[in-house]
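Below: the structure, in structure tokens.
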Amino acid sequence: MDRLHMENVQKAFGANRVLDGIDLVIEPGQMVCLIGASGSGKSTLLRCMNLLEPIDDGRIVLGAQDISEPGLDPQPVRQRIGMVFQSYNLFPHMSAIENVMLAPRRIKSLSRDALRPEVTALFERFGLADRMEHYPDQLSGGQQQRVAIIRALAMRPEIMLFDEITSALDPELVAEVLDVLRSLRDDGMTMVLATHEMGFARELADVVCFLDQGRILEMGPPEQLFGAPKEARTKAFLSRVL
Amino acid sequence: MTTPTRRQAFEARQRRRATRIAAASTGAVILALITVIPLAPGWAAVKRSFFNAEVFAKTFPGLAQAFLMDVAIFLWCAPLIAALGLIVALMRDIRSPALYPLRLVAILYTDVFRGLPVILVIYLIGFGIPGLGLPRPWNSPYLWGSLALILVYAAYVAEVIRSGIESIHQSQRAAALSLGLSQTDTMRFVILPQALRRVVPANMNLFVALQKDVALLSFIGPVEIFRQAGVYKSLMANFTPYVGAAIIFLAITIPATRYADHLMNKQRKARS
């Protein structure tokens, strides 16, 4: 298990500086929550960690390897860092279990039969044993998002990134997805979440980072950041959302 | 059966009224056509040379027989068109600089063959290549005519497939890549299966057009239905065989187009 270390990460889309010097260390087993207004850079930061977006400057180091090296093959890195998206992004032409098995089958060259016990166990653990053969459009949003989490877990990643994974869900479905995160937390999974679920962040995060205009304006343990924020912007943001 | 609600009763009344009006107006139009057209001065001659029942009965079996040739040409062209179209569509997405020539070829190919009239390609290939003095069977107009159709239609199919690939949302690619899948696997297992499904109706329309354009091969030799109708016309000095050929074409193309439309509607509903 390696630590993920970001140093002065810069990213611009045209003239728009989305990440403006991010320094952040994610220790193994930690749960880090990124909070902040829409457009503050939370999603982009996660996409950079997963190498879906190349960074312009700075470094992202996983263990001893600089994974932000231009020209680096992103595949092995992505296999170690799983990601779940706000809009689930399940493959609509595959059943839930095929969605989950595709990556291990192709990348680890495992057969369906070899994968079935482990995958079935994941579906059972997250209460979806009777939904394995269903197609995404036959599942509720909460079920789809849980399948998306199982799909990422099936690659046995060391770190999981969650990009506002409850934001597209009806309020009554949010709890079932948060329960999954809670259970992963108990396993000691290293997790980074961009989230608007402040209650959840307060309850479970080791570190909460408040992002504003592409910078980490303030970070610390949740009781400090939520209980006694130092920066005026943090206070203003929290007073709007709490 | 429960009693209809006030709204249902109202809508049922509206529907019955709409049906009555549509039937009456259609009847009126047909009646007008039947009475007006025969008043034209040349009607008797047209009727004799285009709608001659006797000629129709005599030539129809022969035409149907000749149509089998159209079907055969269609059947061997269609799979080759589908395969070539797919290959060209994928070639246009090549990103590797070393393979850039392939991409260039694909771009030139689609530009050239979409830019030429089908009949011109059939003439150039169908007369040009056998003109090289190739031995049998390499001088067959069936072979080169089919190649012309394949080249033209594969260019269109490639564009349709490419539009399908581009219509798949970027988030699907991101999800596949985030799992660690390669670019190739992402295309093969995630993007392409969805893209191909999405362009089935558009491709069906192309294949209906292909079935009709097979008749163009008659200009370079093969005796298919259009050519056969021409032979009958000359023998009997009567145009009715062309009407017979038209009926045979419609018997195939109308159901096929209707089916494509049906698929397209279904897809639109599924996506909205």
Side-chain angles (χ1 to χ4, degrees), chain A residues 43-44 46-54 67 73-94 98-109 135-137 144-145 147-163 165 168, chain B residues 82 85-86 89-90 93-100 157 160-204 262-272:
Chain A
S43 288
T44 308
L46 291 179
R47 292 173 71 89
C48 289
M49 291 183 204
N50 194 254
L51 309 187
L52 285 173
E53 298 286 353
I67 59 171
D73 176 12
Q75 261 186 271
V77 176
R78 291 184 184 136
Q79 288 161 28
R80 298 174 62 189
I81 305 181
M83 181 149 182
V84 185
F85 301 85
Q86 178 177 350
S87 49
Y88 335 133
N89 300 358
L90 292 181
F91 309 134
H93 58 300
M94 294 180 191
E98 287 295 322
N99 261 278
V100 172
M101 292 203 292
L102 176 66
R105 269 175 50 219
R106 296 301 303 170
I107 296 162
K108 301 183 174 169
S109 306
Y135 281 81
D137 62 2
Q144 287 189 56
Q145 195 58 293
V147 173
I149 295 171
I150 293 171
R151 182 173 70 177
L153 286 175
M155 284 300 293
R156 298 175 178 246
E158 297 164 35
I159 302 175
M160 287 280 281
L161 311 176
F162 298 94
D163 187 4
I165 62 167
Chain B
L86 179 59
L90 292 176
D93 265 338
I94 289 174
R95 292 276 166 265
S96 150
L99 299 177
Y100 183 74
V157 168
V160 166
I161 292 177
R162 214 167 68 94
S163 74
I165 290 173
E166 276 163 15
S167 78
I168 303 301
H169 198 267
Q170 198 51 39
S171 61
Q172 286 284 310
R173 190 185 289 266
L177 293 177
S178 80
L179 290 165
L181 286 168
S182 66
Q183 296 275 358
T184 313
D185 276 357
T186 299
M187 178 55 84
R188 178 171 156 204
F189 293 101
V190 177
I191 309 290
L192 207 51
Q194 298 185 58
L196 290 180
R197 245 164 265 206
R198 206 169 272 189
V199 296
V200 163
N203 275 327
M204 276 202 60
H262 165 73
L263 286 182
M264 222 175 303
N265 280 332
K266 213 164 86 175
Q267 225 170 46
R268 201 170 23 236
K269 267 187 216 137
R271 236 186 298 169
S272 58

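Heavy atoms only: backbone and side chains are in, while hydrogens, waters and symmetry mates are out. The sequence lines fix the lettering, A, B, ..., with proteins before strands; numbering per chain opens at 1.
- For Gln172(B) (side chain) and Leu90(A) (main-chain N/O), a donor-acceptor pair under 3.5 Å exists by modelled atom type.
- Of all heavy-atom pairs spanning Gln75(A) and Gly180(B), the tightest one is NE2-O, 3.0 Å.
- In the displayed structure, Gln183(B) atom CD is contacted under 6.0 Å by at most 12 heavy atoms of other residues, nucleotides or ligands.
- The greatest number of non-hydrogen atom pairs below 4.5 Å with chain B, out of Ala154(A), Ala148(A), Ala152(A), Ala103(A), is found for Ala103(A).
- Distance CD1/Ile168(B) to CZ/Phe91(A): 12.0 Å, rounded to 0.5 Å.
- For residues 169-179 of chain B, no residue pair satisfies the salt bridge (charged side-chain N to carboxylate O under 4.0 Å, His left out) rule, not counting sequence neighbours.
- Annotation: residues 77-88 of chain A contacts chain B through Arg78(A), Gln79(A), Ile81(A), Met83(A), Phe85(A) [non-hydrogen atoms, separation under 4.5 Å].
- Of all non-hydrogen atoms in Phe189(B) and Met94(A), the two that sit nearest each other are O-CE, 3.3 Å.
- Note that CG of Leu196(B) and NE2 of His93(A) are 10.0 Å apart. Values are rounded to the nearest 0.5 Å.
- Rounding to the nearest 0.5 Å places CG of Leu181(B) at 7.5 Å from CE of Met155(A).
- Of the two parts of Leu161(A), neither the backbone nor the side chain holds a non-hydrogen atom closer than 4.5 Å to a non-hydrogen atom of chain B.
- If you take CG on Leu52(A) and OG on Ser171(B), they are separated by 11.0 Å, rounding to the nearest 0.5 Å.
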